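Heads up, the thing below is written out as structure tokens.
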2 protein chains.
Amino acid sequence: MTKPDKRKKPKTGTASKRSRLLPDEREKQIVLEAIRFFAEVGFDGQTRELARRLGITQPLLYRYFPTKQDLVDRVYKEIYLTRWNPEWQDWIEDRRQPVAARLKRFYAEYYPAIVNHDWMRIFFQAGMRNVGFNQRYLKLVRERILLVLCAEVRRELGLPSVAARPVSPAELELYWGLHGSIVYDGIRQYIYGTAVPPDPVAVTNAKIDIFMAGIKAAVTNLLK
Amino acid sequence: MTKPDKRKKPKTGTASKRSRLLPDEREKQIVLEAIRFFAEVGFDGQTRELARRLGITQPLLYRYFPTKQDLVDRVYKEIYLTRWNPEWQDWIEDRRQPVAARLKRFYAEYYPAIVNHDWMRIFFQAGMRNVGFNQRYLKLVRERILLVLCAEVRRELGLPSVAARPVSPAELELYWGLHGSIVYDGIRQYIYGTAVPPDPVAVTNAKIDIFMAGIKAAVTNLLK
DNA sequence: ATTCTTGTTTATCAAATGATAAATAGTGTT
DNA sequence: AACACTATTTATCATTTGATAAACAAGAAT
């Protein structure tokens, strides 16, 4: 194959300067690039390619993360911790405004938090593996948002309270339907690679209005 | 590591019998197992592991598929060709029954066609790569189902025809919302690994009813 | 029974890839 | 200016993994 001397390259070219960052800075830099990198190519992406994008050598990664898996775990953690606002639950429960308005407020902030390249793709990369990352996150959505929403909708529409008539799996499923109708945008964009919707906020609000128009009859039917 | 002689294993054990199938049979067998295998572990799954599951040796795969990529492409093709019923478009256009009933009929058949382990996971594995597989499939959904549906809904509700007032991206987006609210079930089940809904047909029908309850106002608003 | 065809296995390669040890060099301290 | 510390690179390993060539053997043809 005629590769006489691969070693001993004079390195008189560009990347000759060592940068020598503080460990905390370097680590953060690695994590941020790793998120982008793994989001793009998947967790099977090579450490050498990641290092190249960082402008460092591959063994340096192992100074900061003992194994590749440690780096992957760190990426999960970073994504998970950064993008959930605990106040969201309060917004859903804020009875000073109608449920539709609360939902619009919530999704106006939730949508950009998760409908973006890195979050969507890391989340689905996780799903293709067997880690419990997705389950943990969806548990948040279910318990902090959707179940709370069930109760608020029942109340606003004058239906039996969830204390009197517990939320059935089928009823909850309708709320997952609302959620899915909205986040499916992100899946189409960043997983399937289709064109983006023109005005996400307006479209999302319209979906919320459609949902609210039909939810009373649907829940009433389930409570019969 | 003390692995003195890895070769020359007597093979007096179980898998000693050569099966020798007809080429067509073997190829079909490989493709079917490859679908399950790649759906489960992703397209980075190893050919050796796939061969092991098939009970054949790894080089035999290369007798039937010159490269791994050829096998992967075949898996795409198989999944793509098998699971689309051309009659579906006719169902949506079948004016002998109301649109809601047509939708329920369609999704009763569409749902099980795609909400299953193999289809969902292959489809998302494809999405994590850069192949045009997903775009091609979504194009089918958009043109053969959703755009047709737009026109039928307009007609049934006495709104301006799509000829008079073309479907805007925002309007189409609402129909993607319906679609997403239904198939999101499959994503939660097979990508995120959460529990299955109790009665998919009933839940899907309820989602359709909710959608139909709100779509008129939403479209009217967009046409203003 | 012998021969022939070809489906299948055995043995093996080359490149890719996660990981490690030792050498190098940037930065602050004395 | 000499030294110490350590962030970074160089060199290298071991395993994994897609792929190939040659040997083997099941079943049909003679």
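All values below come from the heavy atoms of this structure, side chains included, with hydrogens, waters and symmetry mates left out. The shown structure was predicted, so the numbers you read here are calculated from the model rather than taken from an experiment. Naming: A, B, ... by sequence-line order, numbering from 1 per chain.
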Side-chain donor-acceptor contact under 3.5 Å, B:Ser19 with B:Arg26: yes

DNA chain D: 5'-proximal contact among A:Thr57 and A:Arg48 (nearest heavy atom): A:Thr57

Selection from C:dA19, C:dG7, C:dA11 that lies nearest to any side-chain heavy atom of A:Thr67: C:dA19

B:Leu21 CG - D:dA25 C1' separation (whole Å): 15 Å

Nucleotide nearest B:Leu60 (side chain, heavy atoms from C-beta), chosen from C:dT9, D:dG18, D:dT9: C:dT9

Separation of D:dA19 P from B:Lys68 NZ (nearest whole Å): 8 Å

Atom-pair distance (CG on A:Leu50; P on C:dA19), nearest Å: 13 Å

A:Glu25/A:Lys28 salt bridge by N-O under 4.0 Å criterion: no

Whole angstrom value for the distance that separates P of D:dT17 from CG of B:Leu61: 14 Å

Residue pair A:Asn116 / A:Arg83, side-chain donor-acceptor N/O under 3.5 Å: yes

Sugar-phosphate, base or nothing in reach of B:Arg26, heavy atoms under 4.0 Å: sugar-phosphate

Rounded interatomic separation in angstrom, taking CD from B:Glu25 and P from C:dT8: 10 Å

Between P of C:dA19 and CG of A:Leu71, the distance in whole Å: 10 Å

Value in whole Å for how far the P atom of D:dT17 lies from CG of A:Asp44: 10 Å

Between B:Tyr111 and B:Asp185, a side-chain donor and acceptor under 3.5 Å: yes

Sugar-phosphate only, base, or nothing, as touched by A:Leu22 at under 4.0 Å among non-hydrogen atoms: nothing

Touch class at under 4.0 angstrom, heavy-atom based, for B:Tyr64 against every strand present: sugar-phosphate

DNA chain D: 5'-proximal contact among B:Arg20 and B:Gln58 (nearest heavy atom): B:Gln58

Backbone of B:Leu174 reached by a side-chain donor or acceptor of A:Lys207 within 3.5 Å: no

Length of the line joining B:Glu27:CD and C:dT6:P, which is rounded to integer Å: 17 Å

Distance test, side-chain N/O of B:Thr47 to OP1/OP2 of D:dT17, below 4.0 Å: no

